[in-house]
Amino acid sequence: MTREVEGESLVTAARPAPAPVRAQGYWEFVLRRLARDRGAVAAMATLLVILFAVFAGGPIASSLVGHGPNDIFPYAVDDNRTPVGPLSHVPAANAHVHGGPGPEQTLLVLGGDGTLGRDELLRVLYGGRVSIEVALGATVVALTIGVVLGSLAALAGGAVDAAIARLTEFAMAFPVLLVLMLVGATTGGPFQSMTLLGLLDKGVVSLALVIGLLTWFYPARIVRAEMLSLKRREFVEAARMTGAGRPRIARVELLPHLVPMLLVYGSLIMATNIMLEASITFLGVGLQLPTASWGSLLANTWGSLLNPYSAYVLPADVQVLLTLWPALAIFATVLSFNVLGDAVRRAFEPERHRA
Amino acid sequence: MIAFLVRRILIATGLLLLLTMVSFVVFYRIPAEPGRILVGEKAPMSAVEKANHELGADRPLPEQYGLFLWRLAHGDLGVTWATVGDPTGEQQVRPLLVDAVGVTASLLIGGSALLVMIALPLGSLAAVREGTMFDRMSRTTVIACVSVPPAVMGLLLQTFVGKKLGLLPPSGYCNLLSEGGGSGLPPTCGGFHDWAAHLVLPWLTFALFFGALYVGMTRTRMIDELRQPYVRAARGKGASEIRVVSAHALRNAILPLVTMLAMDVGTALGISVYVETVFRLPGLGQLWLYSLGGNIGGFDLPVVLGLVIVTGGIVILANLAVEMLYGVIDPRVRDAGSVRAHVTR
């Protein structure tokens with residue numbers, strides 16, 4: 001039965017002129033495996049939507065409703081200092097200037113945020129931009145340091161390797177909170193106001209640097225392990241026999257082999273860093289971002305973790321609702337990066353990770 | 001081996017001293033007035049200077065550090081700055097640290113035990129049922145769990161399981177061995193039952209966060225092990241599938257996992273700050289926040305340095321232990337620091 005069906009399909013397939021057989025490249029295979037992975041496709045689609053929402057969606061939504069993420073709406077908070085719920089129309093921010101609540105109405109799609117009555121939706125969107133910028137910057141910093149030190153340790157070996165191993169241990173054992181406190185107390189030094197030609201929000205560079213400097217040892221260890229196994233392969237031997245020098249071997253033969261690993265761990269580290277940003281800002285130690293971020297939205301609702309009773313305590317249901325939006329945003333982004341990283345790993349090493 | 005051991009212990013000690021020195025310098029880079037911890041926020045400058053003198057914070061840095069080392073050599077970590085000259089008695093740093101270590105150790109050891117109890121069966125089962133619905137479901141679940149920030153996970157568990165359902169105490173800590181507890185709990189609380197009840201939610205928060213990493217790790221190792229010839233030999237001998245998986249394959253897969261557990265101790269200490277803060281556990285994380293001023297007092301240098309020694313020491317010791325372990329098992333590893341190579345590949 002099956003044999004017949006197979007035979008039939010063979011016959012029909014053979015009728016048109018046979019397509020020339022073409023060798024498929026390594027990357028082509030990887031991309032094809034990735035495209036077949038439903039989880040990976042869903043994660044990429046989600047990430048595209050999130051990226052569009054936080055980078056373009058914020059300004060668009062802002063111009064649609066006619067107010068910004070930092071505008072305060074006194075009429076969006078009732079006498080008990082409880083903010084209005086989702087889909088509320090409230091008098092415009094400047095209405096009271098013209099004598100009492102005027103006829104101008106403005107829409108708060110997700111309601112107000114805490115006791116100031118700012119637009120929660122806009123704050124989630126604009127906050128996401130800051131969170132993603134911080135995470136991306138930190139990932140770039142961590143991967144750069146990790147690749148440089150990890151490769152150096154593996155390729156130079158000996159005393160250099162031992163020195164870098166001790167440096168790694170030092171970085172692992174160094175008190176994170178102390179660093180945060182220092183950077184916070186000195187307001188991040190010259191980095192706090194650095195925006196890279198207005199490309200980034202204020203405070204992003206210093207927080208990204210801090211997170212990057214606290215997390216580089218993970219990629220460094222992985223790069224070192226990878227490099228150690230790579231440098232003993234035959235193709236390196238072959239390159240050396242043709243007279244290639246050490247720098248050339250590192251650049252041309254070895255570094256390209258790190259790309260799969262960097263994509264996998266880049267994605268996973270992105271996920272961790274978004275979480276770190278949220279947790280550090282939520283903790284309320286040291287660094288305070290001047291603008292909203294997903295972490296600061298959490299902190300606005302609960303009071304910072306460090307100082308929970310400083311903020312006015314909102315009713316429980318409002319608190320849950322206001323935690324839900326930034327938490328959902330963090331969850332969706334982190335989950336997508338994690339799923340994507342996992343899928344990319346499987347696409348590169350199908351024999352190791354069937355399923 | 002002995003030479004290797006001695007050399008590594010010496011390096012570890014040096015690293016720890018360097019850590020305290022850097023912390024010392026970093027601490028004085030924070031533009032704060034140490035004396036404020038004694039005289040309060042609004043005190044005039046003259047009072048602050050007097051307090052600085054009382055704390056010894058006005059002396060030159062090398063002298064202060066030298067004094068610290070001298071005391072350390074005698075096992076003395078000094079007195080917390082907040083209680084210097086207090087007529088009701090000065091608070092020594094060491095007992096503070098001992099109490100906090102007990103709490104954090106309860107959290108981390110219990111949490112790791114729960115983690116292992118979740119990760120080993122789930123990971124092994126996923127490996128045995130590789131590629132099935134169960135495999136995919138378990139992976140999705142654990143990835144979802146690791147995508148929630150630990151602080152939020154803690155708050156969710158605390159709000160719903162602790163407060164709404166009232167199943168478990170939402171916060172606080174009770175001592176295991178003696179009566180008494182922290183964070184406004186009645187002094188009668190204590191003993192195993194109270195201790196465990198207050199720690200279930202923190203343990204769960206901790207285990208759920210690290211779960212993904214370890215389930216994934218167990219699964220990959222087990223898939224590799226189950227393909228080894230010795231597994232086929234065991235099956236050929238007629239061993240039951242359960243025995244093949246648990247007694248043969250898992251036993252070989254477990255060492256890298258234990259290693260990873262030891263190497264993640266630094267990350268675990270970092271995560272415990274959030275867990276302790278959410279659940280009001282008076283552990284090392286809370287002490288860190290206190291010593292760095294937080295909202296109330298000022299910066300408390302003797303406590304900071306004590307914490308640097310304890311947390312830094314734990315991380316360095318864990319690394320050392322892993323290297324020793326591998327050095328015993330596999331002599332090739334004795335060239336320092338290449339343990340990760342064995343673990344990650």
Side-chain angles (χ1 to χ4, degrees), chain A residues 39 153 157 161-162 164-166 168-170 172-182 185-186 221-222 224-226 228-229 271 275-276 278-279 282-286 295 298 302 304-308 310 316 319-320 323 327 330-339 342 352-355, chain B residues 11-12 15-16 18-19 22-23 26-27 29-32 130-132 135-136 139-140 143-144 146-152 155-156 159 212 216 220 223-224 266 270 273-274 277-278 288-289 292-295 299 304 307-308 311-313 315-316 319 335-338 340-345:
Chain A
D161 191 11
I164 291 176
R166 297 293 85 76
T168 311
E169 249 164 65
F170 186 79
M172 280 174 78
F174 201 74
V176 176
L177 290 172
L178 193 60
V179 182
L180 284 175
M181 210 66 202
L182 171 75
T186 54
R221 290 198 127 141
I222 297 160
R224 180 179 175 281
E226 188 84 15
L228 276 181
S229 88
M275 214 124 84
L276 268 180
S279 304
F282 196 2
L283 199 58
V285 177
L298 291 176
W302 292 90
S304 69
L305 276 183
L306 177 59
N307 194 4
S310 67
Q319 215 171 24
V320 167
T323 308
I330 295 171
F331 178 69
T333 317
V334 175
L335 183 64
S336 302
F337 274 116
N338 275 332
V339 169
D342 204 42
R352 235 177 112 88
H353 308 269
R354 283 180 299 167
Chain B
I11 291 178
L15 218 51
L16 204 54
L18 189 66
L19 212 56
V22 174
S23 306
V26 165
F27 183 85
R29 297 284 302 163
I30 297 174
E130 191 195 340
T132 61
D135 185 16
R136 278 193 293 270
R139 187 163 55 213
T140 315
I143 291 186
V146 82
S147 300
V148 183
V152 173
L155 282 174
L156 287 176
T159 308
T220 322
I223 287 176
D224 283 355
V273 175
Y274 301 105
T277 311
V278 169
W288 262 118
L289 294 181
L292 287 174
N295 47 326
F299 299 80
V304 171
L307 281 166
V308 167
T311 52
V315 172
I316 291 174
N319 271 296
D335 83 280
S338 60
R340 235 348 179 204
H342 292 249
V343 180
T344 45
R345 289 308 298 172

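So you know, we letter chains A, B, ... as the sequences are listed, proteins then strands, and number each from 1.
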**Request:** Report the distance from atom CE of A:Met172 to atom CG of B:Leu15, rounding to the nearest 0.5 Å.
**Result:** 11.0 Å
**A:Ala271, part contacting chain B, at a heavy-atom distance under 4.5 Å** = neither
Leading residue by heavy atom contact count with chain A [cutoff under 4.5 Å; candidates [options]]:
options: B:Gly270, B:Ala12, B:Ser23; answer: B:Ser23
options: B:Val152, B:Leu156, B:Asn319, B:Val273; answer: B:Asn319
options: B:Leu307, B:Thr311, B:Val26; answer: B:Val26

**Request:** Over all heavy atoms of both residues, which pair between A:Ala173 and B:Ile316 is shortest? Give the atoms and the distance, please.
**Result:** CB-CG1, 4.1 Å
**Structural part of B:Ile143 lying under 4.5 Å from a heavy atom of chain A** = both
**Prompt:** Checking heavy atoms, do the side chain of B:Leu18, its backbone, both or neither come under 4.5 Å from chain A?
**Reply:** both
**Message:** With side-chain contact (heavy atoms from CB on, under 4.5 Å) as the test, pick out the partner of A:Phe174 among B:Val22, B:Val315, B:Val308.
**Reply:** B:Val22
**Prompt:** Under a 4.5 Å cut-off applied to non-hydrogen side-chain atoms, are A:Glu169 and B:Ile11 in contact?
**Reply:** no
**Prompt:** Just wondering, do B:Val146 and A:Asn338 contact through their side chains at under 4.5 Å, heavy atoms?
**Reply:** yes
